Amino acid sequence: MTATVTRNINVSQATAEGLRLEMEADASVLVIGEDVAAQGGVFGSTRGLLKAFGPERVLDTPISEMAFTGMAAGLAMEGYRPVVEIMFVDFIGVCLEQVYNAVAKIPYMSGGRVRMPVVIKTAGGSIGAAAQHSQTLWGLFAHLPGLRVVAPSNPYDSKGMIAAAVRSDDPVVFIEHKGLLLERAAGFSFGGAVPKERYDVPLDRAAVVRPGRDLTVATLSGSVRHAVDAAAAASAYGVDAEVIDLRSVVPIDWQTVCGSVARTRRLLVVDEDYLGFGLSGELITGVLERIGLGGLDGIARHGNPDVPVPAALSLERAVVPGAGSILAAILRATGERR
Amino acid sequence: MTATVTRNINVSQATAEGLRLEMEADASVLVIGEDVAAQGGVFGSTRGLLKAFGPERVLDTPISEMAFTGMAAGLAMEGYRPVVEIMFVDFIGVCLEQVYNAVAKIPYMSGGRVRMPVVIKTAGGSIGAAAQHSQTLWGLFAHLPGLRVVAPSNPYDSKGMIAAAVRSDDPVVFIEHKGLLLERAAGFSFGGAVPKERYDVPLDRAAVVRPGRDLTVATLSGSVRHAVDAAAAASAYGVDAEVIDLRSVVPIDWQTVCGSVARTRRLLVVDEDYLGFGLSGELITGVLERIGLGGLDGIARHGNPDVPVPAALSLERAVVPGAGSILAAILRATGERR
Amino acid sequence: MELSTERRDDWARRYRLMSLMRRFEEACLEGVASTEIHGELHTAIGQEAVAAALAEHLRDDDALTSTHRHHLHAIAKGVPIIPLLAEIFEKETGLCGGYGGHMHVFSPEQRFSTTGIVGASLPVALGHAYAARLQRRDAVAVAVIGDGSVNTGGFAEAMNMAGVLRLGLVVVIENNEWAISVPFSASSATPTLAERAPAFGAVGERADGLDVDEVSGALERAFAHARSGAGPAVVEAMCYRFRGHYEGDLDLYRDSAEKARRIADKDPLRIAERALSASGLLTAQELGALDAAAAADIAAALAEVRAASQPPARTAHDHVFASGLVPNASVREETPA
Amino acid sequence: MELSTERRDDWARRYRLMSLMRRFEEACLEGVASTEIHGELHTAIGQEAVAAALAEHLRDDDALTSTHRHHLHAIAKGVPIIPLLAEIFEKETGLCGGYGGHMHVFSPEQRFSTTGIVGASLPVALGHAYAARLQRRDAVAVAVIGDGSVNTGGFAEAMNMAGVLRLGLVVVIENNEWAISVPFSASSATPTLAERAPAFGAVGERADGLDVDEVSGALERAFAHARSGAGPAVVEAMCYRFRGHYEGDLDLYRDSAEKARRIADKDPLRIAERALSASGLLTAQELGALDAAAAADIAAALAEVRAASQPPARTAHDHVFASGLVPNASVREETPA
Ligand SMILES: Cc1ncc(C[n+]2csc(CCOP(=O)(O)OP(=O)(O)O)c2C)c(N)n1
Ligand SMILES: Cc1ncc(C[n+]2csc(CCOP(=O)(O)OP(=O)(O)O)c2C)c(N)n1
Ligand SMILES: [Mg+2]
Ligand SMILES: [Mg+2]
């Protein structure tokens, strides 16, 4: 990361800045969705774009996700690079069709003749908004071939990864975390310094956010800062945890993950998404496939235990990972060492 | 399984018979979908129901999956047990909303006050119908909490599992395999005898279809017969493979799987669905969580390598598991023993 | 608004209900201010006349499906107020035990449900309407939706199915001119929404949704049509969203002078109040008494709700499956305590 | 059909195109019979007049999105016949190298694409229409769909967006009276589909889709409307599906006597042929020569297609990502050879 002074911006502003710079550099970039123009996005991550680029390149739509997601496929065929905003990732069920049967598969179905440089930008994460407005669902997208799936954890990456997503010739599902979007850069112990200039963060490289020797905690998005806090707390118990920010779910940066696990010999996956049939199983299996059953002393996972996110905060806290529960998971996973 | 003479029916007839018996027994059971009435289903698995129960209980719909899937949620609230047919599982992207945000979550969101005894009946499997008509997608449903997900592999189970799905108070995604539906009972080396009477097959119990000592092959749906063939062929190489028909993806019958793996010490998951972020990672991880890293000598998985199903058969054969490729996977997985 | 004097008691009930609805929403605002309610609360302040009119036509055996902005519809349908408010406050004593929260309210007794997904409630209404058909009941299913919801695919699919099957579906569109920040004019291909009804074999009319009597009249015709077996009916009730889309919405996209003017001039409660005083049907004092009674009811409800607890953390895993299935029971220790 | 004699050459071209379309579909049937084509092939035999009329109005810079029953639309849009047929036969030389197959055909040069998902093509057309808007081109996007597709949410959403944005979208509904086994009357709330157009700010008209001249006239008006910037236009072309929904469909749900009668009496090719002979515009001999030329073209194409190979198995992993990304490259040995 460039050594820049920390600016007083929040994550959504970093994302908006990344989008603005890409739109300035490339006239084929468009932003389409509900409330992206006049409102600048309900979380502010498209703020200022309407003023800068006008209502044709920043298009407020009716509540018609199926129509405007398909529209993005058509625009891609015409050489555009549309960024489509699905306000909450939980709404994907009304338009998954266009995402997984069109955008994701057309490059393949066309035998490589058609590109789909489409960004599906959406927000996930549990912040007390109950079962239909709290999911992350990266595991769902990751299961479907043809989509890159990424989720940044900090301001620097948010700006750089949205830029890389826009420039990618592959479709990218870009999942912001609602719990991060309004957080100020200064509050981040990692990735808080956001250069004013245009830059990108490669979409396929994980980051070791905190080095450690005893255990590899692999996570992403809103859970990274909780994992860092938990790792700090774990040191009081004599456990030195390494925290990896995966950044990308598809593809997984196996080199970084396996490199770490080969050293620590223990892997804990922390995943705010549903645990079953998702990232945690894939990560554990993928590591084992690469370094062998004998390469590890322990595997563990911690995340939403396949429960719809409840409304009451007392219940939500019981199913969504936080620093405290991650600490507990770290201590469990390193149990025999304590 | 009851010892009955093998009748000359195919899998879709077995399913239709299961539905018919449940509809006879319970007037609250309805069948709703495209071409389910006059046509009896494009694969025939609702044939005869219109004649038996009339056009109100067997309802041909417009091509409006979002509407009629939501209709099932409303009917469930009124005390009905609707069976909704989504013709091909690949079409789920137009109505996943109602499946995962309504049917799957309403029991939880209502704090247990509302039941959703809905069956989402659909067909999957690669039989040369290309990227939008070939998926199985059980991994997608399984990732989303609140849904039972099952997929039968033979005539006996098809009849008994559709019956159990209809009787279940939980929503069930019932995925038929297009490659099986028109196969005659006589062609099955397991589950070919279908009693005329009403019975059900529990939705949460896997079956050991072929016992073996050297390796556990866990699979389901259309791949079971291929795995049985592959296991037979493997014996010529001195490999004695056990084949487990999972039947259910949610829940997994961990007892049966772990019991087998504890003996064989090797697990191969064969999955016609996309390999990534799905059943195979979950099964391998779940077994390790239960029997420990030391309980196994080898893990492996074989299935669609995260490629949209191509149209040309020459290509399809390269990405969809068949008896030959499963045999190869078995031999790879037991390599050191040969 | 012209008032007929025979209906003095009806008007008193009506006014009291509107007043209660306003107080209910204000109680929610109090919960937001005190952070007892979190998340994105949607109130329907300014839209009381539609819900109060609805209450006059809904039967117990009718069903009602609603949206994110549903509190008043729940009240109109007879959902008891204390559990309703308790659910919005996410209390153990809530209608759904605090699992659903303010956007997801289910009351099978009243055939009432909501969803947080725009356009997703109409298909569910179709199920209720079809159940009435199967049972040869003349009950209707009412779906209350916003102007923005009309542009979802779910709306069109459900309307067409109701049309072709001639189901008893009443669609009440609360056209408050906005879908979050997107004005009605920027999202609809037609100048009115009522005029889309014929495309689905439905009848449709637009009514002034600030005038409780006018909207009640339109609803009367719609309910009669739907109950008669003639198919779906649409009422587009014109109104205005007094507050931001949700509590916390800065609402910078609307002209604030116009907003202030409309709130001052076009408050459905004040409109009713003025008409009632002017006609002499109810005196200022009587109206004040009705207001006070409504306020007292809500104050009592709020106090009771506030005294209740949040559901205990250990119950977070309950109810995922009605059967009690817990798919990964044996590795549950992995989950946070 | 009344024919104007000035248009002799146009008519010859038109008839030849219809004849070629019929032969093309018959070549596909041959492929099914010989099992060279597998899966569920959908032909548009009986619907040639619509596609042939379309060809007269489509410009190179217009876009066309189609459905599972798209072969004739591809031909109308100028997609070259041999790669098109080769894709249907899933050959390496196919338009998409055999990856897409008969339901998924993409030809960026002609701005042509299809989908196997009913209702999913219209949203894509919207993107083409919006591109024309952004570039200030008067090109239109044409979406050809079936009568059954009109009941999907995607149809309504895309229509409304085209209406509110006044995009140049032409929707051609081939109303062949059936959606697999479900008759039009059982799926539509309205007696015609054209009458739904105003609900989306569109113009709409119904035309006899067996009469190439009539449907061409309706399309002319629709294209002119859409090109003028006035918004979307709908043409509902009435026709009849001669064959089962797909090859292999037993088609037991239709009355076979009626089907036979309609095929005998209402074949668009025969209707055109009769009108042309009767008017003396083209002699039976001339018509025969046009048929023969079309047949020869298709025979040559079929021979070439048959000679080509299926794509090699080792390429099955290509093209998943345009960037060349292979997410699990290092464990690829797990996949079948
Ligand atoms: C499918 C879907 N898309 C988007 C949203 C986000 N959203 C919630 S309410 C709303 C606006 C709804 O407008 P309208 O239907 O007019 O209802 P109002 O809020 O005005 O009552 C939007 C876009 C959602 N919940 N679901
Ligand atoms: C979303 C979706 N639902 C169902 C299907 C299955 N299906 C394929 S074609 C078809 C009928 C389409 O009817 P219509 O639109 O009239 O076109 P036609 O086949 O008559 O040309 C159906 C139901 C599908 N492909 N996609
Ligand atoms: Mg509104
Ligand atoms: Mg049709």
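Computed over heavy atoms, backbone and side chain alike; hydrogens, waters and symmetry mates excluded. If you're wondering where the values come from, they're calculated on a predicted model, not measured in any experiment. Chain A is the first sequence line, chain B the second, and so forth, proteins listed ahead of strands; every chain is numbered from 1.
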| said: Is D:A186 close to chain C through its backbone or its side chain, or both, or neither, when contacts mean heavy atoms under 4.5 Å? | reply: backbone
| Given a strict heavy-atom distance threshold of 4.5 Å, which part of D:P232 is in contact with chain C: side chain, backbone, both, or neither? | neither
Taking atom types as modelled, which donor-acceptor pairs link chain D and chain C at under 3.5 angstrom?
residue: D:N151; atom: OD1; partner: C:N160; partner atom: ND2; Å: 3.0
residue: D:G153; atom: N; partner: C:E157; partner atom: OE2; Å: 2.6
residue: D:E157; atom: OE2; partner: C:G153; partner atom: N; Å: 2.6
residue: D:N160; atom: OD1; partner: C:A189; partner atom: N; Å: 2.9
residue: D:N160; atom: OD1; partner: C:R196; partner atom: NH2; Å: 3.0
residue: D:N160; atom: ND2; partner: C:N151; partner atom: OD1; Å: 3.0
residue: D:N160; atom: ND2; partner: C:S187; partner atom: O; Å: 2.8
residue: D:S187; atom: O; partner: C:N160; partner atom: ND2; Å: 2.8
residue: D:A189; atom: N; partner: C:N160; partner atom: OD1; Å: 2.9
residue: D:R196; atom: NH2; partner: C:N160; partner atom: OD1; Å: 2.9

| message | Tell me which of these, C:P198, C:A197, C:G163, C:A199, has more heavy-atom pairs under 4.5 Å with chain D than the rest. | response | C:A199
